[in-house]
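Data block below; observations after.
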Amino acid sequence: MSGNDFTADEMMTIAAARALSNDDVVFVGIGAPSAACNVARLTHAPDITLIYESGTIGTKPDVLPLSIGDGELCETAVTTVAVPEMFRYWLQGGRITLGFLGAAQLDRFGNINTTVIGSYDDPKVRLPGGGGAPEIASSCGKIFITMKQSLRGMVEKIDFFTSFGHGEGGDHRKRLGITTEGPVLLITDLAIWEPDPETKEFTVVSLHPGVTRDQVQDTCAWPAKFADSVKETPLPTEEEIRTLRDLKARTDAAHKGKAA
Amino acid sequence: MSGNDFTADEMMTIAAARALSNDDVVFVGIGAPSAACNVARLTHAPDITLIYESGTIGTKPDVLPLSIGDGELCETAVTTVAVPEMFRYWLQGGRITLGFLGAAQLDRFGNINTTVIGSYDDPKVRLPGGGGAPEIASSCGKIFITMKQSLRGMVEKIDFFTSFGHGEGGDHRKRLGITTEGPVLLITDLAIWEPDPETKEFTVVSLHPGVTRDQVQDTCAWPAKFADSVKETPLPTEEEIRTLRDLKARTDAAHKGKAA
Amino acid sequence: MVKFVSLAEAIADNLHDGDSVAFEGFTHLIPHAAAHEAIRQGIKDLTLIRMTPDIIYDQMIGMGLAKKVVFSYAGNPGVGLLRRLRDAVENQHPRAIEIEEHSHAAMANAYEAGASGLPCAIFRGYKGAELAKVNPNIKSVTCPFTGEELAAVPAIRPDVSIIHAQKADRRGNVLVEGIVGVQKEAVLAAKRAVVTVEEIVEDVTKVHPNACVLPHWTITAIAEVKGGAHPSYAHGYYDRDNAAYLEWDKISAERDLFESWMKANVIDALPGDFAARVADLEVNK
Amino acid sequence: MVKFVSLAEAIADNLHDGDSVAFEGFTHLIPHAAAHEAIRQGIKDLTLIRMTPDIIYDQMIGMGLAKKVVFSYAGNPGVGLLRRLRDAVENQHPRAIEIEEHSHAAMANAYEAGASGLPCAIFRGYKGAELAKVNPNIKSVTCPFTGEELAAVPAIRPDVSIIHAQKADRRGNVLVEGIVGVQKEAVLAAKRAVVTVEEIVEDVTKVHPNACVLPHWTITAIAEVKGGAHPSYAHGYYDRDNAAYLEWDKISAERDLFESWMKANVIDALPGDFAARVADLEVNK
């Protein structure tokens with residue numbers, strides 16, 4: 001395989017994986033976060049601790065779970081605790097260094113909506129809701145967000161504050177008495193964004209290989225800010241691509257399962 | 001052995017055992033309560049559920065534990081839970097039908113002191129304190145108390161309210177918002193006492209075989225009340241005595257253990 | 001006193017029109033067979049409580065059993081949205097339902113408070129989150145030592161909790177292993193508890209001293225239903241039928257397809273049918 | 001990052017003059033060897049926290065290490081009073097100590113709140129009990145839904161928690177089995193956690209999925225000390241030395257006898273001496 005033989009989705013997952021380290025204790029969401037965490041574990045961060053909200057602590061799945069409670073998460077875990085304990089001792093207890101969230105709608109300050117499109121009382125689309133996100137966003141040491149860019153997703157104003165990022169920006173978290181860092185990284189299929197140190201507005205710091213500034217702006221409904229020097233995200237290595245694809249192939253085979 | 005061949009201590013334990021039933025879920029204290037509960041289990045109440053505050057639920061020890069956390073309690077239990085869970089889900093959760101308490105000092109309304117003799121800040125004797133008793137007394141469906149009678153133990157006024165019985169009597173429990181019954185039975189080495197339905201003052205309802213009213217009064221510092229018709233506690237049966245003595249013999253042998 | 005009964009009896013005796021009920025299971029051990037029995041019995045006006053209402057609540061809502069849903073994540077896990085729930089919320093089909101929405105932390109704490117006999121739970125939560133503005137059951141208390149404001153939610157106390165577990169023993173003690181979710185809390189918080197199990201064995205108390213065992217006197221009724229969690233799974237018995245979860249997304253997308261599927265697979269089916277559904281998914285013991 | 005060290009190092013690195021420390025263990029797995037090491041190192045002005053201060057706190061108080069004790073039951077379990085603690089409270093010998101006294105329910109909830117990162121715990125307790133009048137750390141909060149007044153106590157957050165466990169594995173994961181007490185909560189509530197273990201094995205994560213395992217990243221230091229709980233016991237390793245508990249009642253009754261016993265058995269002893277003390281108490285594995 002050549003260095004350019006990868007999809008934007010794969011680049012997103014690999015860029016997210018690179019941001020993870022051996023010392024992280026990660027509260028993992030399903031989908032791209034789960035893929036990124038497991039690619040990290042299978043490449044440069046073999047000792048990373050992955051926690052799924054189903055109560056599985058220190059899990060090492062061979063295939064990606066479809067749900068956050070697949071059997072393999074438990075079988076490969078250091079221990080499996082009850083869900084109330086997970087939220088009380090581990091998340092609220094401040095034991096999780098990093099929370100990894102996705103979003104249906106995201107604004108420039110890292111606030112997330114996964115609750116409703118339209119009004120809460122008479123929604124156009126009723127989304128699944130927050131699940132663990134409201135407290136993941138406030139209790140984890142820091143937050144990574146990963147999502148595909150789109151005008152419907154990266155919006156000027158989210159319809160509902162499912163979880164709080166930097167609010168209106170600046171020191172809004174601190175003003176609410178939240179002591180954790182909040183969103184420190186946004187990894188999309190096109191770019192890597194970091195909050196501005198002062199305003200906390202997400203700013204593009206790295207474009208994925210071959211991506212233009214226009215592509216970023218065309219898929220983001222707010223006026224995108226770019227850092228003074230925007231880097232290019234390093235190409236996926238052969239090991240990264242192979243690890244991700246092997247993982248996905250094992251996962252697909254496993255999930256075909258039984259039903260027709 | 002003849003029907004009269006038993007000690008006052010044995011009579012106390014056996015009388016307490018008889019008051020227990022198969023359907024009881026008992027929070028067991030160490031000493032006489034533990035002996036009574038296990039005699040009940042080994043005679044007429046084989047299905048009684050015994051719970052020790054160490055977290056052992058549904059335990060069936062072959063010898064009496066010296067502490068509330070001896071290994072055999074765990075080995076013979078249906079399950080062993082953490083101590084916070086014991087106090088939250090099981091005791092406070094209202095799952096315990098009966099609490100069984102002892103006392104260093106007891107008053108006529110079933111209020112108990114196991115904290116200090118003398119003043120709290122400068123005690124004459126510093127006793128162990130309440131342990132589980134304050135919440136056992138309020139959260140269990142009802143309370144049995146067992147103790148040997150003495151002028152130092154059954155007092156006009158306790159030095160410290162470690163746990164609340166009927167307070168000043170009458171509906172004092174209800175006035176404090178306590179919804180459980182509180183002390184419903186006092187079993188001593190001389191007699192069985194029940195609270196008066198109105199005043200809640202302990203009243204002798206049964207004298208153990210051979211015990212006189214004077215003996216009861218001579219070992220009780222408040223003016224003892226007697227029911228209109230005071231019964232005689234039935235003699236221990238041969239099975240009861242044998243079960244208790246076998247249990248004690250096994251226990252003594254086990255506790256001699258190793259140290260000189 | 002726990003009773004060993006058929007699933008039909010367990011549901012008929014314990015779940016009544018208008019009850020609040022928690023069919024719990026956090027992706028693992030979801031009581032599908034029991035939910036299908038409730039649907040067959042046509043029980044009405046239920047308040048359905050669950051952290052993760054997934055396929056079974058989508059089915060119960062789609063069949064019109066629910067008047068209210070209390071939840072924290074209403075999705076088909078790993079797949080997407082719940083289409084029957086959406087139809088009820090967005091279009092009031094087949095009836096309007098009330099929703100009371102929380103976060104996972106709030107629900108988990110509320111179950112824990114219910115099991116603990118407390119009227120409410122306190123936790124550090126909902127900071128900056130908008131649910132606190134739309135749900136009047138989210139309030140706050142102030143720590144009397146630090147002055148910190150903490151979130152408070154009422155304890156969950158269902159009329160009935162219904163769970164699926166791996167094993168019961170002949171005394172009626174119930175063993176739950178693996179991802180245990182909030183099942184223990186749901187059972188202890190409820191007035192009545194119904195448990196379906198994969199099998200009834202001689203004794204479940206020797207597995208491990210600290211295994212999650214619910215003593216017999218905390219359970220109202222036990223019914224043996226092999227495969228009763230399908231397409232969810234039972235750790236040690238059979239795997240999750242991930243394909244069935246993917247398939248549900250299509251079945252639930254259209255009202256007609258949903259109804260014909262429900263007739264064929266639920267209304268005209270029996271608890272005994274679950275065993276065959278897991279035959280190909282069994283794990284080597 | 002967890003460190004495998006000698007007991008002397010583990011205590012020297014983690015327990016300092018003036019610290020608040022919980023040597024936990026609810027009758028089972030009491031960290032006697034670690035407490036003896038603290039005594040040998042002569043650490044001063046400690047705030048000793050424990051639900052059931054028994055022999056080890058009697059020893060530490062008798063040796064003058066404690067300035068304060070936070071507890072809920074200060075007895076020699078099944079035997080009687082703690083005579084060195086009494087001497088300190090009643091006669092200020094060898095020094096005056098401050099006491100903060102709670103009920104078991106309060107302490108258990110306070111540890112749980114500490115592990116949960118909360119500033120306080122609420123529970124239904126202390127109704128009519130006089131401790132609420134003499135301990136300013138017992139307050140109340142009102143349930144915002146029902147108006148019920150509940151007791152509140154501050155969370156316990158020790159500088160250090162010290163426990164004894166059966167096993168650690170090579171990664172540093174720690175297994176506690178049997179009567180688990182409040183050890184998990186004590187470890188998670190503390191800033192630093194020291195664990196002594198009976199043995200270090202390859203892997204502790206396969207015992208049972210829901211066994212009480214503390215992941216390596218929650219532990220600061222691990223020291224292998226065979227027999228380190230004696231005369232308490234380690235489920236699966238050796239039995240409780242009940243006779244030693246009975247004997248302590250005599251040893252602790254007189255200051256001179258206490259001091260000579262401490263010199264012979266603690267000051268002039270080593271952690272390695274514990275193995276021999278349990279030799280006759282070992283259970284068949």
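Every chain is numbered from 1 and lettered A, B, ... according to where its sequence line falls, protein lines coming before strand lines. On a predicted model such as this, the values are computed, not experimentally measured, just so you know.
With ring centers used as reference points, C:H32 lies 6.0 Å or more from C:F23. The six-membered or imidazole ring of C:Y238 lies away from that of C:Y233, with a centre-to-centre distance of 6.0 Å or more.
Using a 4.5 Å cut-off between heavy atoms, B:T49 touches chain C through its side chain atoms alone. With a 4.5 Å cut-off on non-hydrogen atoms, C:A211 touches chain B through its backbone but not through its side chain. Residue C:N173 touches chain B through its side chain alone, counting heavy-atom pairs closer than 4.5 Å.
Your options are C:G117, C:A115, C:C212, and the one with the most heavy-atom pairs under 4.5 Å with chain B is C:A115. For chain C, the option among B:V25, B:T56, B:I57 with the highest count of heavy-atom pairs below 4.5 Å is B:V25. Most heavy-atom pairs under 4.5 Å with chain B: of the set C:K184, C:H216, C:R171, this distinction falls to C:K184. In terms of non-hydrogen atom pairs under 4.5 Å with chain B, the most contact-rich of C:D203, C:V213, C:L214 is C:V213. Listed options B:D47, B:T80, B:D23 were ranked by heavy-atom pairs under 4.5 angstrom with chain C; first place goes to B:T80. Between chain B and the residues C:V207, C:T205, C:L118, the largest count of heavy-atom pairs under 4.5 Å involves C:T205.
Side chains of B:T76 and B:T59: a donor on one and an acceptor on the other come within 3.5 Å. Under the 3.5 Å distance criterion, with hydrogens and angles disregarded, no donor-acceptor pair is assigned to the side chains of B:H166 and B:E201.
Contacts between residues 81-97 of chain B and chain C, defined by a heavy-atom separation under 4.5 Å, are made by B:V81, B:E85, B:R88, B:Y89, B:W90, B:Q92, B:G93, B:R95.
Closest heavy-atom contact between C:R192 and C:T220: CA-OG1, 3.4 Å.
With hydrogens and angles disregarded, a donor-acceptor distance shorter than 3.5 Å links the side chain of C:N135 to the backbone of C:E101.
Around the NZ atom of B:K174, the shell of radius 6.0 Å holds no more than 12 heavy atoms that belong to other residues, nucleotides or ligands.
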Open item on the list: Using the rule given for side-chain contact (heavy atoms from CB on, under 4.5 Å), can you reason through B:S34 versus B:Y52, listing the C-alpha separation, both sets of side-chain angles and the distance that settles it, and then say yes or no?
Closed with: CA-CA 9 Å; B:S34 182; B:Y52 289 75; 2.9 Å; yes

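In this structure, CZ in C:F71 is found 13.0 Å from CG in C:D54, a value given to the nearest 0.5 Å.
Between C:H102 and C:Y126, the ring planes lie tilted relative to each other; the angle falls in the 30° to 60° range.
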